[in-house]
Amino acid sequence: MTEVVKAPEQVRTEDEARTREKARTGGERNGPRTATGEHAHGHGHGFLGERAELVSALLSLAVYLTGLTLQLTGNGGPASRALFVAAYVSGGFFTLREAVATLRRGRFQVDFLMLVAAVGAAAIGRWEEGAVLLVLFSLGHALEGYAMGRARRSIEALGDLAPRTALVRRGPADPVEVPVEDLAVGDTVLVRPHTRVPADGFVASGSGSVDQSPLTGESVPADKTPVADPAAALADPAATGPDSRVYAGTVNGAGTLDVVVTRLARDNTLAHVVRLVRDADQRTSPTQRFTDRFQKVFVPGVLALVAALLAAGALAGEPFTDSFYRAMAVLVAASPCALAIATPAAVLSAVGRAARGGVLVKGGAPLEEFGRLRTIAFDKTGTLTEGRPRLTEIEPAAGAAREELLRTAVAAQRLSDHPLARAVVRDGTPLVTGGPLPDAGNLRAVIGRGVAAEFEGEPVHIGSLAYADTLIGPPVPAALRDRTEELARTGRTTMLVRRGDRWLGTLGLMDAARPEAAGTVAALRRLGVVRTVMLSGDDQRVADAVGREVGLDEVRGGLMPQDKAAEVNRLRRTGRTAMIGDGVNDAPAMAGATVGVAMGAAGSAVALETADIALMSDDLGRLPFVTGLSRKASRIIRQNLWLSLGIVAVLVPATALGLGIGPAVLVHEGSTLLVVGNALRLLRHPDPA
């Protein structure tokens, strides 16, 4: 089924409507969900909004303390009993509502166990014990809700990045302000200085810098220049270079830009990110799946233990009230509240922090798996390298002039649209000094080998050494052949140039490694990645040269897309493996990896949808950031898991041996707040950039 992608403004409106409806009907609390759709924890909304539960908890605390003071001073009696009952009502309202909602779905959760314990305490006349249980439980819930709200708000803030209106140029009149939802593809919007860009598009006129950090995490504003041909750019927006492309929600600098809209509000990059981040908690981590299964068995087991304690007390001749009170204390102690919230709190915090750093993490599963990686495989072109070959060597043959070599190569390659030909023209044209270049003609491409053309009345051949050896006429001079082979051994792609019967020389081109690539690989090693591998479709010698420069452990060259997928499957047999890529040809390998990571995903809706983790910018340096964050999240999840299980393991025998309900619920709620606070540390994870 096709899922409609909603614009941030639409999402905000629908969220507000849902909130109003829940306030009106007293619906379920808004909280992180498990894979089964159950609320791990939630917090109600009434006329006081998100503060309603906190106000109710504080009111119950005040009423309880008043009743306790009356009781301790000997002035209690019916008055203190009435105050304890009021504390029951105020402290138990939201707990009861949540318990009813979960019971209707046929499930037992922590709220239900707490209510049973409170009702049990009242049944044997321990109103003050039941009241303190509900007061502390509701207060813990409210504080937990406040803490979790901080994590949620870091995600919800993404939806507020996009402006609500845009200034549209329509005809010679002044720009008209319209809602962003009314923008159409092809509209030209005016972006004034120091305002947010309202839509995805390209710069048609004007220039300046744009702060893309809210979306991509880039620390330095990106310079933007207008496209050469707006009509061609609108016909094929994907071909627009990053220097001309802008995104909704980014912040314009001091210049004024005219931006042509290429995506509707519901389809823009920001809308994709907002929806995918909000849906991230649906992809539960392995630890969360374990805790979900554990709770399904554990909660009924707790109820069975309570029944067994009651039966044991009766058989031992113990007074029923004592047995019943101890059973209720065990019920409180065994409630896995901290366990239920331990993983969702960490996932929510980490996903929110990653989004603020320009990394989209699609939930707990990829987050936790990425935190345990031992091997990372990289695509070469566009990932470890810039994806932009450069002319690096110009080697004239003996007796040939460098100027003639360049003029001939540039003139012939101007007729070709091959990436290597464009690199020769781009880098070689500024070096030609002999006046205007005449046009070459009659270009003929020899697929995979080279080109043939005519220039100034002479035939021209440009191509590989293998192509040169097939030509009729004088062979490649030995010295030129040796130099060409030497360049190839160092990872250069070579082009031999012949004009008429004369060999003019050879050109060397190379797709240079990204400046941050070597540092990124070194940082990953420091973070615990033990194996780095390159999977490339390029010649093995070219791949080896880049691998040596970057500092990789293994390099595999000459691979087709299906070969990359097979290599990833081989690597997975030795441990968890991530595949980092930037193109469609990497999709099979990314799909077969433990975690697939897409680079430069801000401009690609396909990458946003298919990758497990998406680096919104082309900055490879984001990889150590998300690796460190994932590893820290995995540690915190494990810490929370052992802490919550350890608290239960200590409290259950302690209450069975006589620890009261009050101390038990205090430790119980304290542990819940502790695991949430531990998870919130992820929001402060440092950005190495």
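Computed from a prediction, not measured in an experiment: that's the story for all the values here.
Between the T490 side chain and the L487 main chain, a donor and an acceptor come within less than 3.5 Å of each other. No donor-acceptor pair under 3.5 Å is formed between the side chain of R390 and the backbone N or O of M510. Between the side chain of T392 and the backbone N or O of G508, at least one donor-acceptor pair lies under 3.5 Å. Proximity of a side-chain donor or acceptor of E369 to a complementary backbone N or O of V595 within less than 3.5 Å is not detected. The main-chain N or O of T225 is never found under 3.5 Å from a side-chain atom of S207 such that the two would form a donor-acceptor pair. Counting only distance, with no hydrogens or angles, the side chain of N252 and the backbone of R192 share a donor-acceptor pair below 3.5 Å. Using modelled atom types, no side-chain atom of S244 and backbone atom of G241 make a donor-acceptor pair closer than 3.5 Å. No donor-acceptor distance shorter than 3.5 angstrom exists from the side chain of D200 to the backbone of R263, with no hydrogens or angles considered. Of the possible polar contacts, one joining the K224 side chain to the R245 backbone as a donor-acceptor pair under 3.5 Å is found. Using a distance-only test at 3.5 Å, with no hydrogens or angles considered, a donor-acceptor pair links the side chain of D612 to the main chain of G596.
Across V555 and A543, no two heavy atoms sit closer than the pair CG1-CB, 3.4 Å. Closest approach of P198 to V189, counting heavy atoms only: CG-CG2, 4.0 Å. The shortest non-hydrogen separation linking L527 to R631 is O-NE, 2.6 Å. Shown here for L183 and A166, the closest heavy-atom pair between the two residues is CD1-CB, 3.9 Å. Contact between L391 and L507 at its shortest, heavy atoms only, is CD1-CB, 3.9 Å. When every heavy atom of V533 is checked against every heavy atom of T375, the shortest pair comes out as CG2-CG2, 4.4 Å.
Applying the 6.0 Å contact sphere to CZ of R374 captures no more than 12 heavy atoms from other residues, nucleotides or ligands.
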Report the C-alpha distance between M579 and L535 in whole Å, list the side-chain angles of each, state the deciding distance to 0.1 Å, and finish with yes or no for side chain to side chain contact (heavy atoms under 4.5 Å, CB included).
CA-CA 9 Å; M579 175 67 193; L535 305 178; 4.0 Å; yes
Please walk me through it: do V260 and V227 pass side chain to side chain contact (heavy atoms under 4.5 Å, CB included)?
CA-CA 10 Å; V260 176; V227 297; over 6 Å; no
Step-by-step side chain to side chain contact (heavy atoms under 4.5 Å, CB included) determination, D379 to M590
CA-CA 10 Å; D379 173 49; M590 289 167 62; over 6 Å; no
I'd like to know whether V185 forms a side chain to side chain contact (heavy atoms under 4.5 Å, CB included) with L234, so could you lay out the CA-CA distance, the side-chain angles of the two residues, the decisive distance to 0.1 Å, and finally the verdict.
CA-CA 9 Å; V185 173; L234 184 59; 4.1 Å; yes
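For the pair R414 and L437, the minimum side-chain heavy-atom distance is below 4.5 Å. Using a 4.5 Å heavy-atom threshold, the side chains of T532 and V550 count as separate. Annotation: side chain of D187 is not in contact with side chain of V178 (no heavy-atom distance under 4.5 Å). The shortest side-chain heavy-atom distance between E516 and L623 does not fall under the 4.5 Å cut-off. Side-chain atoms of L367 and V347, non-hydrogen and from C-beta on, do get closer than 4.5 Å to each other.
Using a cutoff of 4.0 Å between basic side-chain nitrogens and carboxylate oxygens, D619 and R514 are not scored as salt-bridged.
The distance from the NE2 atom of H194 to the OG1 atom of T256 is 9.0 Å, given to the nearest 0.5 Å. One distance of note links CZ of R402 with OG1 of T433; it measures 9.0 Å at 0.5 Å rounding. With rounding to the nearest 0.5 angstrom, the CG atom of L190 is 11.0 Å from the CD atom of E177. Here L257 contributes atom CG and T188 contributes atom OG1; the two are 12.5 Å apart, rounded to the nearest 0.5 Å. To the nearest 0.5 Å, atoms CZ (F370) and CG (L629) are separated by 10.5 Å. Rounding to the nearest 0.5 angstrom, the gap separating the CG atom in L415 from the CG atom in D439 is 7.5 Å.
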